[in-house]
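Computed over heavy atoms, backbone and side chain alike; hydrogens, waters and symmetry mates excluded. Just so we're on the same page: letters track the sequence lines, and every chain starts at 1. Model, not experiment: these values are computed from the prediction.
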There are 2 protein chains.
Amino acid sequence: MEKVTIATVAVRAGVSRQTVSNVINTPEVVRPETRERVREAIASLGYRVNQAARQMRTGRSKLLAVRIEPARDGINGSVLDRFLHGLTDAATVAGYRVMLYTASGDDGEIATYEELLTEYDLDGFVLTSTHHGDPRTSWLAERDVPFVTFGRPWGAPDTHSWVDVDNAAGTAAATRHLLATGHTRIGFLGWPAGSGVGDARREGWASTMAEAGLPTEDVVAVDGVDSGASAAERLTNATAVVCASDSLALGAMRALPGRAIVGFDDTAVARAVGLTSVSQPLAEAAGRCMDLLAELLDGRAPTTPTHLLLPPSLVVRRTA
Amino acid sequence: MEKVTIATVAVRAGVSRQTVSNVINTPEVVRPETRERVREAIASLGYRVNQAARQMRTGRSKLLAVRIEPARDGINGSVLDRFLHGLTDAATVAGYRVMLYTASGDDGEIATYEELLTEYDLDGFVLTSTHHGDPRTSWLAERDVPFVTFGRPWGAPDTHSWVDVDNAAGTAAATRHLLATGHTRIGFLGWPAGSGVGDARREGWASTMAEAGLPTEDVVAVDGVDSGASAAERLTNATAVVCASDSLALGAMRALPGRAIVGFDDTAVARAVGLTSVSQPLAEAAGRCMDLLAELLDGRAPTTPTHLLLPPSLVVRRTA
DNA sequence: TTGTAGGCGTTATCAC
DNA sequence: GTGATAACGCCTACAA
C-alpha cells in the first residue's frame, strides 16, 4: 500500500495539488465537474489528509485533551468513564480526536497544558472536576486556549462556557418522588458543606421540603459507605432519606433497613443492589461540551459564553 | 509568548540548527561544552519539540491508541477505567500519548485503525477485550503495525506479545482461601462455557478442588445480578461459592445469605458491599503493556513475542 | 564536531 | 477556476 498524498490524487484527477486541497477545504470554489472528478480520485485511492502536515500549515491539530483521574472512591469513578465515552464519540463526529493525560494537582495539570500545547498543538481542553479556587480556567483563559468545563466554575466568575448537571433539580425530583409516595419525614444524608456539588444537592432537597412546609432533618458525612452508615444512624425520625451519592446511600441502606433511600449518580452499584438513584445525562453532557468547544474552535462562538444546565432523571428501583 | 523553534535555540546558543537537533536526538555526538550551552538555551527558552514537524520527517507520531468501550454491564466498566489510567501514566513516562477511540464491532474497529494510521500516523495500539475469532490482531500483524493485547489471544496462535491476568490463579486462590477457612463444599457460579476468561476462572476453582479431592458443584448464568441470583439458588449443597464476576457474586449474596461468597474483579461494588473479591493488578498490567509496546516501537523487541501472565490477589472482606 | 541543503504533505498567497 | 510557489519546523544526508 503506497503512500497516497494529495499529489497522487492530483495526478489521478489530472489537476494540481492545490485544486485537490480546495476540493477538501473549500469545495464551493471549485467547478462542480472538477470537484466530482477529484472526489472520485480521492475515493478510489482511499486518500486521507495527513494531519501532521496540515497542522504544520494551519496550526490546528484537531486534537482535544481530557484528564483521566484515578477512580477516587471508586464508586463514582464510572461517571468519568461514561463521560469520556460520550466525549470520544462526539469528538469523532465533529472531526476531532481525544487525547488523555493524567496529572496530580492543579499545578501539575497546568504544566501538562504547556506540554500538550507546545508539543502537540492541542486545539482545546475539556475540564472536569471544577472546584472552588480552580486555577486552571484562568490560566487557559489568559492564554486564549479554547476550553469548556463540565461542571460550573464554583465561586469564580462565569466567563467561560460550561455544561453542568442540575444537581439541585435531581435531589428535588427525588424528594418529590418520596413525597408522592406518601413520605413526609424525609431526611438528607450529604457531604460536609463547601463543595459546590454537594451544597447544590442538599439545596434541592431543602427547598422542596420547604415548599411542602415540612420540617427537615439532615446529617453529614465524608463520602463512603461506612461513614454514610454511621451518619445515617443519626437520622432518627426520617422514614425516607435522600443521599448525595450512591456510596452514602449504600451506607444508609445498611444502617436503616426498610426505609426508603435514594442515591445519586446511578452508578453500577445502584443498579446492582436495586437502589433508586438520580441519573446524570452524561452522554448528553459530553455531546454538549463538544458542541460548545467546536463553536469556540470554529470561531463561531457567541461573544457571551454559554451555560448549559442539564436535568438529571430519577431511576426508580426497589429502595424507593 | 513567541514561538520557540529549533532556530531560536540555535541563535541563542550561537550554534547551527543542526547542532541543536543533535543535542536533542544524539547528544553523544556533540562536544560536552557545546551540549551544555545548547541545553541551557533550551531550558531558558522553554523550547519543546514540535511533534508534527518531527513526525513529518520521521514518520513517528509518539501516539498510541486505545479503545474506550461503553461500560457494558456497568459493574465491570471500572476495570477498563483503571487500566486506561495506568496506561496513560506509563505512556507519558515513555514519551508517548494515548489517544482514545470508540468503535462498534471488530470491523468498525479495523476501519478506525485505517483512519488513525493514515491520518495521525499512530505508532501503535493496545487492544483490550480479546476474544475467540478476533480479527483485529491478524489485520494489524499483516500490516506490521505494532500492537500489544491486554488479554491473551483466545484460540489463536500466540504470535504477538500480550499481557494478561492469570484468571485461573485468581479463582484458585479464592478456593484455597475458602478451604483454609474450613469449607469443603465449595461451588462455582460462572459464565456459560466458551469465553476464554470465564473458562479459565472455572478451571482455577475446579483444579483446586480436584487437588483437594473434593466433589464439585457448579452452575452457569449470563453475567448480571438477577441471573446470578437465580442460578445461585440451584447450588444446594455448597456452603461457599466462588463466582466469575462481582455481578454474579452480588446475585449469589442475595440468593444465599449467610454463605461465603467470593467475587472477581474487585470492583467498586465489591468494596461497597464488603464482598471478598479477586483483584486484578490493572496498573501493573497497563505498565507492562506499555513496556512491551515500547520495545516493539524501538525495534529492540526480542524476535519471539513476550507473554506475561500476572497474578491477581485476593481481597478478603466480610463475605468470606 | 559543526554547518548547509533539501524535503516530508499541506495550505495560503498570488498570479494566470 | 485553476495552478505555481513558498513556508510551516524538523531531521537526514552530506559537506566543511
Side-chain angles (χ1 to χ4, degrees), chain A residues 1-39 41-42 45-63 95 115 117-123 299, chain B residues 1-39 41-42 45-63 95 115 117-123 299:
Chain A
M1 208 158 57
E2 289 302 306
K3 199 171 296 180
V4 179
T5 76
I6 220 170
T8 326
V9 178
V11 171
R12 168 73 70 102
V15 297
S16 74
R17 289 179 313 184
Q18 181 53 30
T19 300
V20 178
S21 174
N22 285 337
V23 169
I24 296 167
N25 301 295
T26 47
E28 66 279 7
V29 93
V30 180
R31 193 193 311 162
E33 24 195 292
T34 315
R35 198 194 302 159
E36 218 28 64
R37 198 149 36 93
V38 172
R39 287 206 168 127
I42 289 179
L45 290 166
Y47 166 79
R48 284 202 178 84
V49 299
N50 178 322
Q51 294 290 353
R54 166 178 282 180
Q55 175 185 336
M56 285 256 288
R57 276 304 291 169
T58 64
R60 316 198 55 203
S61 61
K62 292 288 185 176
L63 250 31
E115 254 182 69
L117 250 16
T118 54
E119 285 190 14
Y120 286 94
D121 252 307
L122 255 87
D123 286 349
Chain B
M1 206 156 58
E2 290 302 305
K3 199 170 298 180
V4 178
T5 77
I6 221 171
T8 325
V9 178
V11 172
R12 168 71 71 103
V15 298
S16 76
R17 292 178 315 188
Q18 178 51 27
T19 301
V20 179
S21 175
N22 283 338
V23 171
I24 297 168
N25 300 296
T26 46
E28 67 279 7
V29 92
V30 180
R31 191 193 311 162
E33 24 194 295
T34 316
R35 197 194 305 159
E36 217 28 64
R37 197 149 35 94
V38 172
R39 287 206 167 126
I42 288 179
L45 289 166
Y47 166 80
R48 285 201 176 85
V49 299
N50 177 321
Q51 293 291 352
R54 166 177 280 180
Q55 176 184 336
M56 285 254 287
R57 280 301 294 166
T58 63
R60 317 197 57 202
S61 61
K62 291 290 187 176
L63 250 31
E115 254 181 70
L117 250 15
T118 54
E119 285 191 14
Y120 285 94
D121 253 306
L122 257 89
D123 286 350

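Across every non-hydrogen atom of B:Ser61 and A:Tyr120, the tightest pair is O-OH, 3.5 Å. Minimum heavy-atom separation, B:Ile6 to B:Tyr47: N-CE1, 3.6 Å. Taking every heavy atom of both residues into account, B:Leu117 and B:Leu122 meet most closely at CD1-O, 3.6 Å.
The phosphate of C:dC8 has neither OP1 nor OP2 within less than 4.0 Å of any side-chain N or O from A:Asn50. Close to C:dG3, at under 4.0 Å from its OP1 or OP2, lies a side-chain N or O of B:Ser16. At the phosphate of C:dA12, neither OP1 nor OP2 sits under 4.0 Å from any side-chain N or O atom of A:Arg57. Phosphate contact (OP1/OP2 of D:dT2, side-chain N/O of A:Thr34, threshold under 4.0 Å): present. The side chain of A:Ser21 places an N or O atom within less than 4.0 Å of a non-bridging phosphate oxygen (OP1 or OP2) of C:dT11. For D:dC10, one of the phosphate oxygens OP1 or OP2 lies less than 4.0 angstrom from a side-chain nitrogen or oxygen of B:Tyr47. Checking the phosphate oxygens (OP1, OP2) of D:dT2, a side-chain nitrogen or oxygen of A:Arg31 falls inside 4.0 Å.
The separation between B:Asn22 atom CG and D:dA13 atom C1' is 12 Å, rounded to whole Å. One interatomic measurement links the two molecules: CZ of A:Arg17 to P of D:dT5, which rounds to 10 Å at whole-angstrom precision. If you take CZ of A:Arg48 and P of C:dG9, they are 17 Å apart, rounded to a whole angstrom. Between B:Arg54 atom CZ and C:dG9 atom P the separation is 18 Å, expressed in whole Å. Spacing between atom CE of A:Met56 and atom C1' of D:dA6 amounts to 13 Å, rounded to whole angstrom units. Between the P atom of D:dG1 and the CD atom of A:Glu28 lies a distance of 10 Å, rounded to the nearest Å. For the pair A:Gln51 CD and C:dT11 C1', the interatomic distance rounds to 13 Å; values are reported in whole Å. Per the geometry, CD belonging to B:Gln55 stands 12 Å off P belonging to D:dC11, to the nearest Å.
Comparing A:Ala53 and B:Thr58 by the nucleotide of DNA chain D whose heavy atom lies nearest to each, the residue mapping closer to the 5' end is A:Ala53. Toward the 5′ end of DNA chain D lies the nearest nucleotide of A:Val29, the other residue of the pair A:Val29 and A:Gln18 mapping further downstream. Projected onto DNA chain C by closest heavy-atom contact, A:Ile24 and B:Val15 fall at different nucleotides, the more 5' of which corresponds to B:Val15. In terms of position on DNA chain C, the residue among A:Val4 and B:Thr19 whose nearest nucleotide sits closer to the 5' end is B:Thr19.
Checking side-chain atoms of B:Arg35 against main-chain N and O of B:Val30 turns up a donor-acceptor pair under 3.5 Å. A distance-only check finds no donor-acceptor pair linking the side chain of B:Asp121 to the backbone of B:Arg60 [under 3.5 Å].
Side-chain proximity of B:Ile6 to the nucleotides D:dC10, C:dT10, D:dC8 is greatest for D:dC10.
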